[in-house]
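Working notes, beginning with the structure itself.
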Protein chains: 2
Amino acid sequence: MTALQFDLLATDPDSHARRGTLTLNHGVVQTPIFMPVGTYGTVKGVMPRSLHDMGAQIILGNTFHLWMRPGLDVMQSFGGLHAFEQWNRPILTDSGGFQVWSLGAMRKISEEGVRFASPVNGDKLFLTPEVSMQIQTVLNSDIVMQFDECTPYDTNGHITTEAEARNSMELSLRWAERCQAEFARLQNPNALFGIVQGGMFEHLREESLAQLVALDFPGYAIGGVSVGEPKDEMLRIMAHTPHRLPTHKPRYLMGVGTPEDLVQGVADGVDMFDCVMPTRNARNGTIFTRYGDLKVRNARHKSDHQPLDASCTCYACAGTSGVSWEQGGRDGFSRAYLHHLDRCGEMLGPMLTTVHNLHYYLNLMREIREALEAGSYSAFRERFRTERARGI
Amino acid sequence: MTALQFDLLATDPDSHARRGTLTLNHGVVQTPIFMPVGTYGTVKGVMPRSLHDMGAQIILGNTFHLWMRPGLDVMQSFGGLHAFEQWNRPILTDSGGFQVWSLGAMRKISEEGVRFASPVNGDKLFLTPEVSMQIQTVLNSDIVMQFDECTPYDTNGHITTEAEARNSMELSLRWAERCQAEFARLQNPNALFGIVQGGMFEHLREESLAQLVALDFPGYAIGGVSVGEPKDEMLRIMAHTPHRLPTHKPRYLMGVGTPEDLVQGVADGVDMFDCVMPTRNARNGTIFTRYGDLKVRNARHKSDHQPLDASCTCYACAGTSGVSWEQGGRDGFSRAYLHHLDRCGEMLGPMLTTVHNLHYYLNLMREIREALEAGSYSAFRERFRTERARGI
C-alpha cells in the first residue's frame, strides 16, 4: 500500500490553482476537494449513502470527540472509524489540538502536551503529540494530522503578539517532530500531515513552513486561520502561504470557508478544504445557491413553488429524477415546503437542506475541477462572481 | 376515475383475516396495510424516497395540522398535499376531529361543530363537518375521513357513561350525513369513509355500524380506540366490530398499534392500520425487531457489532446491499454505532431508527399478506409469537 500519492494533472496559468488526484489507502480523491465534517462519526443530518450519491470523496472525523465518545475501546473493536460509521472511502482526522484549545480556561498547555478535564465525564486527561498519534492510529484515518497548538487570533480581546505567535509556532514544530517519531514507531500505514502555524505573521508562517518542509511530510496543512480573525486577515494568509508549500504535495487549508473563500483559496493554491458551514448553516435554514444565499425562514418563501436552487440537481432540488428546475424538472421540494418544515420544526427540513448545501459545495468543487481541466479557471471565477451576485 | 375499488383476494379459514387490493386515485394498495403517519406533510425523520424504498404504499396526513400550517392558501396553490410533500402514491387524511378533541378545555363542542382557538396563533376557529370536507377536498387526499366526535374513554378520571357514549355516537352519525352531503356538493373525486363510534359499548358500536352501513360509505373506520383505554378494552372492541362491517368494503382501525395488535387486528378482520408508534418510538430509541423490542440507549449495546435486527434488510440493518446479518451481510449499522449516535444526540440516530421501525412494520404487513395468500395465517401467528418472545 502507498499511504499517499499526489499527482498534478493541470495548473492554472493565471493563478496558483492546481488540479490533481490524491491516492490514499481507501481510494482516490480528485482535487481541489471539499471535505464534509463528520465530527462524531457522522456528517450531521445525512446518511452515508446520501454522501455517496452526492459525490463526497473524503470526509473528516474529529479525534478529540471520538476519543471522548464512543472511546477507543469501541473504535479498536471495529478496527477503526471506517467500519464504525460505514464509510469506506478516505477519512481525514484532525489531531484534537483545535478542540482542546477551544476548552479555554479548562485546559493547561505545557511543553509535554495539554491537560484538561473531559467535558463528558470530568475525567482528568492528558493529550500529547504521542497520544494524538495513538488515537488516530486506532481510528485508522487515511490522513492523520499532527498535534499542534492552534495559535489564537485573540484571547479575551488581547490580540496575539508576534512573540506569542512565535512561541506557539515553535511549540507546534517541536510537536511535529514528536508526532513523526510516534507515527513511525506505531507503524501507522497512513499519511501524516504537518501543519503550518505562525498566526497572522507572514515571516513566522515562512519559518514554520521551511522547518516542516525539512521534516518532509507527505502533505501540509495551513492551520490557525478561521479562528475569529477579520476576513481580510484570513485572505492575507491564504494568499501568502499555500503556494509556498512544495508543489508536488497536497495542501489543506483548515476550517475554510464560504463558497467565495473556496474559489479564492483554489486560486491561492489550496487543494483541500473542510468547513462546518454547509452543514451548520443548513440546520439554521441558510442555504447556499448558485445565485446567492437564501434564508428558508424568510416569510417570502411561504408560497414559492421553486426549489432552493433552480440549477441544482440534488435530491432536495430535483427529487429522484435529478432533473433541475431550469431543465424542466418538477420533482424537487419547493421553498414553500422547506419553509413549512422549518416553521414546524420537522427533522426533514434540516435533512433536505443539509443534502442541498453539501451538494452545492461538492458540485462547486466539481465545477472548479472541470474549469481547471479546461484551462478556463479565470472565466469560471468571473462567472461564479456574476451568478452569486445575481440574487435569489 | 374510480374513487375506490376494493377486491378481496383471499380469506383466512381460521379467522376474519382477509387479503385484498384497494385501488385509489393515486394507485393500488395491497391490504392488510400499515400506513405511516405524516402529520405536517412529512413522515417525521424520513425522506419520501426512503418511504418508497421501504415499500410504503399509502401515508396519512393530518387535516387539523395542515389547516393550521401551512394553511389552505398554500395547499390550494399546490393543488393538494401530494405535490406539496412530493408523495405521488395514495394519501389518507383524518378529519381533524381527534385533534380538536385533544384540545380539551380549549374547545367547545355543539351540534353545529367545534369552536376553538388556534394553538398556533390564537385565531378563533370553527371546525364543522362541512369545513372538514372543504379542507380535505383542498388536500385532495385519496381517502377522506368523516368529521366525528372521538368519544373519550375517560375525562379527567370520569369514565364515559353509556348515555354519554350514545349521545356522542349519535352526534357523529348526524355529522356523517352532513359530511356526505357536503362531500357530494363539493364533487370531491375521492373516497369518503364513515367512522364507527360507540365507546366501549358493543351494542352502541352495532347501532353506529348499522346506521353508517345504511348511508353506504365506500369504506369504514373504527374510531374511539387507542384513546387511553386499558389494553383489554381495546382488544374487546377490536374483536367485536371489524368483522361486522360489510365484507366487500375496506376496514380501517384508527390509531392502532403494536406489532402484536396488528397481527391480532388482521385476524379480527381489519384491512388498514395507522399509528405513530414506529416513528415516535424510533425517535426515543425504542426499536421493534423480529425477536422482540430493543432499547438503543441501553448500555449493553455500547460495543455490540450486530445490527438492530439480524433478519432485517432495511438500510439501517443491511446498508445499501440489502443483505441481512443472518444472510452474511455486514453493510448495516451496528447497535454500538446507533447507541453512540443516540448518546451524542446526533440526527442520524433517529433517521436510521425511523427507517428501521417503519421498515419493520411494513415488512410485517408484507409477511402477513404472504401468509394470507399461502393460506397459512395461523402458522404465521404462531411463528410470530415465538420469534417475538425469543428476546434480543
Side-chain angles (χ1 to χ4, degrees), chain A residues 38-50 52-53 65-66 68-71 73-79 81 83-86 88 120 279 283 301-305 307 315-316 319-320 330-334 336-341 343-352 354-355, chain B residues 38-50 52-53 65-66 68-71 73-79 81 83-86 88 120 279 283 301-305 307 315-316 319-320 330-334 336-341 343-352 354-355:
Chain A
T39 301
Y40 268 122
T42 161
V43 177
K44 286 186 193 300
V46 57
M47 293 187 176
R49 76 168 158 195
S50 297
H52 255 268
D53 290 351
H65 291 86
L66 294 164
M68 299 295 110
R69 295 184 295 198
D73 52 340
V74 174
M75 278 299 163
Q76 190 100 56
S77 83
F78 279 88
L81 184 52
F84 183 63
E85 65 178 350
Q86 290 287 18
N88 57 17
V120 172
T279 42
R283 297 196 302 281
H301 304 305
K302 189 176 188 304
S303 303
D304 194 335
H305 286 220
Y315 176 65
T320 45
R330 290 297 179 269
D331 295 335
F333 299 90
S334 63
Y337 184 60
L338 289 159
H339 175 78
H340 164 73
L341 294 177
R343 232 179 122 208
C344 295
E346 287 284 352
M347 268 173 72
L348 186 58
M351 287 165 64
L352 289 173
T354 301
V355 162
Chain B
T39 301
Y40 268 121
T42 162
V43 178
K44 284 185 196 300
V46 57
M47 291 189 179
R49 76 169 160 194
S50 296
H52 255 267
D53 290 350
H65 290 85
L66 293 165
M68 300 294 109
R69 294 184 295 195
D73 51 341
V74 174
M75 279 299 165
Q76 190 101 53
S77 83
F78 279 88
L81 184 52
F84 183 65
E85 65 177 349
Q86 290 288 20
N88 57 16
V120 173
T279 42
R283 296 195 302 280
H301 304 304
K302 188 176 187 308
S303 304
D304 194 335
H305 286 222
Y315 175 65
T320 45
R330 290 298 179 268
D331 294 336
F333 299 89
S334 63
Y337 184 61
L338 289 159
H339 175 78
H340 165 73
L341 294 177
R343 231 180 124 210
C344 296
E346 286 286 350
M347 268 174 72
L348 186 59
M351 287 165 63
L352 289 173
T354 300
V355 161

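Naming convention: chains lettered A, B, ... in sequence-line order (proteins, then strands); numbering from 1 in each chain. All heavy atoms count here, side chains included; hydrogens, waters and symmetry mates do not.
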- prompt: Which is it for A:Val355 and B:Met47 under the side chain to side chain contact (heavy atoms under 4.5 Å, CB included) test, yes or no, and what are the steps along the way?
  reply: CA-CA 11 Å; A:Val355 162; B:Met47 291 189 179; 3.8 Å; yes
- prompt: With B:Thr39, which residues qualify under side-chain hydrogen bond (donor to acceptor under 3.5 Å, both in side chains), at least two apart?
  reply: B:Asn62
message: I need the single residue from A:His339, A:Arg343, A:His340 that forms a side-chain contact (heavy atoms from CB on, under 4.5 Å) with B:Pro70. Which is it?
response: A:His340
Flag the one option from [options] with the top tally of heavy-atom pairs under 4.5 Å to chain A.
options	value
B:Asn88, B:Thr320, B:Asp331	B:Asp331
B:Val46, B:Val120, B:Val43	B:Val46
B:Ala83, B:Gly319, B:Gly349, B:Gly332	B:Gly332

query: Of all residues at least two apart in sequence or in a different chain, which pass the ring pair (Phe, Tyr, Trp, His ring centres under 6.0 Å) check with B:His65?
result: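 So B:His65 forms a ring pair (Phe, Tyr, Trp, His ring centres under 6.0 Å) with B:Tyr40.
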- request: Would you check if A:Cys344 and B:Met68 make a side-chain contact, meaning some heavy-atom pair closer than 4.5 Å?
  value: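 Not touching, per the 4.5 Å side-chain cut-off.
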Could you report the tightest heavy-atom contact between [X] and [Y], atom names first, then the distance?
X	Y	result
B:Gly41	A:Tyr337	O-OH, 2.6 Å
B:Met351	A:Gly45	CE-O, 3.4 Å
B:Phe333	A:Gln86	CE2-CB, 3.6 Å

- request: Would you check if the side chain of A:Glu346 reaches a backbone N or O of B:Lys44 as a donor-acceptor pair within less than 3.5 Å?
  value: no
- request: Output yes when a side-chain donor or acceptor of B:Lys302 lies under 3.5 Å from a complementary backbone atom of A:Val74, and no otherwise.
  value: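 Checking the backbone N and O of A:Val74 against the side chain of B:Lys302, no donor-acceptor pair under 3.5 Å is found.
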- prompt: Checking B:Ser334 against chain A: side chain, backbone, both or neither under 4.5 Å from a heavy atom?
  reply: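 For B:Ser334, the side chain is the part near chain A, not the backbone.
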Which atoms of B:Arg330 approach chain A - backbone, side chain, both or neither, heavy atom under 4.5 Å: backbone
field: Gap between atom CG of A:Leu348 and atom CD of B:Glu85 - 0.5 Å precision
entry: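 With rounding to 0.5 Å, CD (B:Glu85) is 9.5 Å from CG (A:Leu348).
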statement: When rounded to the nearest 0.5 Å, the distance separating OG1 of B:Thr279 from CE of A:Met347 is 11.0 Å
- request: Could you tell me how the ring of A:His305 sits relative to the ring of B:Phe78: parallel (under 30°), tilted (30 to 60°) or perpendicular (over 60°)?
  value: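 The arrangement is parallel - the two ring planes meet at less than 30°.
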- request: Just give me the residue among A:Pro48, A:Pro350, A:Gly71, A:Ser303 that pairs up with chain B most often, heavy atom to heavy atom, under 4.5 Å.
  value: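 Result: the option with the highest number of such pairs is A:Pro48.
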